[in-house]
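Structure, as structure tokens:
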Amino acid sequence: MLIKQFKIVIFLLMTLSIMSCKIYRFTDASVDPNLKTFSINPTDNIAMLQNPNAAANFTDKLKDKFSRETKLILTNDANSDLEFTCTIIEYNVSPIAVTNTETLAQNRLNIGVKVVCVNRKDDKGSYTQSFRDGENYDANADLSSVENNLSNIIFDRLVQQIFNKSFSNW
């Protein structure tokens, strides 16, 4: 009888301790509680190779990510707590794999973005940094037929890098 009561008490204590703990996930953002708003200026595209939809798509992905994964409110206010200005500085295709018959096997779409983040609540949170990523594709494929899919994949990874830089303190 005493053992059964002991097991029940242990079970209740474990349940309470688990319920009182916040389970940490790697997607959790560490947002300064003093920050309430953010703004993202329209992305400029100064890359040599131009995709007419790239800048708008990138801006939308950044806004969506920050809105979904933080409690910050998106504003158009020039005095938001966090202000992001992004510029696509690289958008190019480079050959990456040659077969033994000296023909091209794969190309890589590369995209680079320069980000200026102004933190009006804590200047230590401000930064200027370039982020770069790319995705390989079959050299026999026409870029225009795979470009939307590739650029979306790359933009998702770039947005994650920017998010991590902005809100992760590890």
Side-chain angles (χ1 to χ4, degrees), residues 23-32 35 37-78 80-119 124-170:
I23 297 174
Y24 181 81
R25 296 172 296 157
F26 285 107
T27 58
D28 284 350
S30 175
V31 179
D32 181 341
L35 299 174
T37 61
F38 75 100
S39 62
I40 299 176
N41 297 317
T43 300
D44 290 326
N45 188 349
I46 61 169
M48 295 271 243
L49 179 62
Q50 290 281 317
N51 175 332
N53 301 318
N57 288 347
F58 184 76
T59 302
D60 290 343
K61 283 185 174 288
L62 208 53
K63 287 178 180 179
D64 289 346
K65 175 80 169 177
F66 288 16
S67 294
R68 264 192 340 268
E69 297 193 23
T70 71
K71 293 181 180 178
L72 299 176
I73 298 166
L74 176 63
T75 69
N76 291 326
D77 185 4
S80 60
D81 297 337
L82 280 178
E83 180 183 12
F84 293 87
T85 303
C86 303
T87 305
I88 297 174
I89 56 175
E90 177 186 7
Y91 195 100
N92 64 47
V93 175
S94 59
I96 61 158
V98 179
T99 66
N100 59 0
T101 61
E102 296 184 25
T103 60
L104 212 51
Q106 284 193 318
N107 285 327
R108 183 172 185 84
L109 176 61
N110 300 297
I111 302 175
V113 179
K114 179 181 176 186
V115 177
V116 177
C117 172
V118 177
N119 184 327
K124 293 177 192 170
S126 297
Y127 66 89
T128 298
Q129 183 174 331
S130 293
F131 299 88
R132 185 177 190 269
D133 207 324
E135 186 70 17
N136 301 345
Y137 67 97
D138 189 306
N140 295 322
D142 183 39
L143 176 62
S144 62
S145 66
V146 296
E147 186 173 13
N148 282 341
N149 185 45
L150 294 175
S151 63
N152 279 326
I153 291 168
I154 297 166
F155 284 157
D156 286 342
R157 290 195 301 243
L158 289 170
V159 165
Q160 185 63 50
Q161 290 174 34
I162 296 164
F163 184 87
N164 291 346
K165 172 70 177 175
S166 304
F167 300 115
S168 296
N169 293 325
W170 35 280

Original post:
What closest approach, in Å, do L74 and S39 show between heavy atoms, and which atom pair accounts for it?
Top reply: CD1-CA, 4.3 Å
Original post:
Cation-pi between K165 and F131: NZ/CZ under 6.0 Å from ring centre and within 45° of the ring axis?
Top reply: no
Original post:
Just how far is it from atom CG of L82 to atom OG1 of T37, taken to the nearest 0.5 Å?
Top reply: 7.5 Å
Subject >> Non-hydrogen side-chain atoms of D133 and I111 separated by less than 4.5 Å >> reply: no
Subject >> Separation between CD1 of I154 and CZ of R108, rounded to the nearest 0.5 Å >> reply: 7.0 Å
**OP:** Report yes if some heavy atom in the side chain of I88 is under 4.5 Å from a heavy atom in the side chain of F155; otherwise report no.
**Re:** yes
**OP:** Please say whether more than 12 non-hydrogen atoms of neighbouring residues, nucleotides or ligands are located less than 6.0 Å from CG in N76.
**Re:** no
Subject >> Non-hydrogen atoms of Q50 and I46 that approach each other most closely >> reply: NE2-C, 3.9 Å
Original post:
Do F66 and I162 have side chains that get closer than 4.5 Å, going by heavy atoms?
Top reply: yes
**OP:** Hey, could you give me the OG/CD1 distance between S130 and I89, rounded to the nearest 0.5 Å?
**Re:** 3.5 Å
Original post:
How many angstroms lie between CG in L158 and CD1 in I153, if you round to the nearest 0.5 Å?
Top reply: 12.0 Å
Original post:
From S67 OG over to I40 CD1, what is the distance, rounded to the nearest 0.5 angstrom?
Top reply: 7.0 Å
Original post:
Do you know the tightest heavy-atom contact between A55 and N45?
Top reply: CB-CB, 4.3 Å
Original post:
So, is the end of the K65 side chain (NZ or CZ) under 6.0 Å from the ring centre of F163 and within 45° of the ring's axis?
Top reply: yes
Subject >> CD1-OG distance between I73 and S80, expressed to the nearest 0.5 angstrom >> reply: 11.5 Å
**OP:** Quick one: closest heavy-atom pair of V93 and L109, and the distance?
**Re:** CG2-CD1, 4.1 Å
Subject >> Residue list, side chain to side chain contact (heavy atoms under 4.5 Å, CB included) with E147, at least two apart or on another chain >> reply: N51, Y91, L143
Original post:
S151 versus F58: any side-chain heavy-atom pair under 4.5 Å?
Top reply: no
**OP:** Indicate whether the side chain of N164 and that of Q160 have a donor and an acceptor atom separated by less than 3.5 Å.
**Re:** yes
Original post:
What closest approach, in Å, do C86 and V115 show between heavy atoms, and which atom pair accounts for it?
Top reply: SG-CG2, 4.0 Å
Subject >> Side-chain heavy atoms of F38 within contact of V31, under 4.5 Å >> reply: no
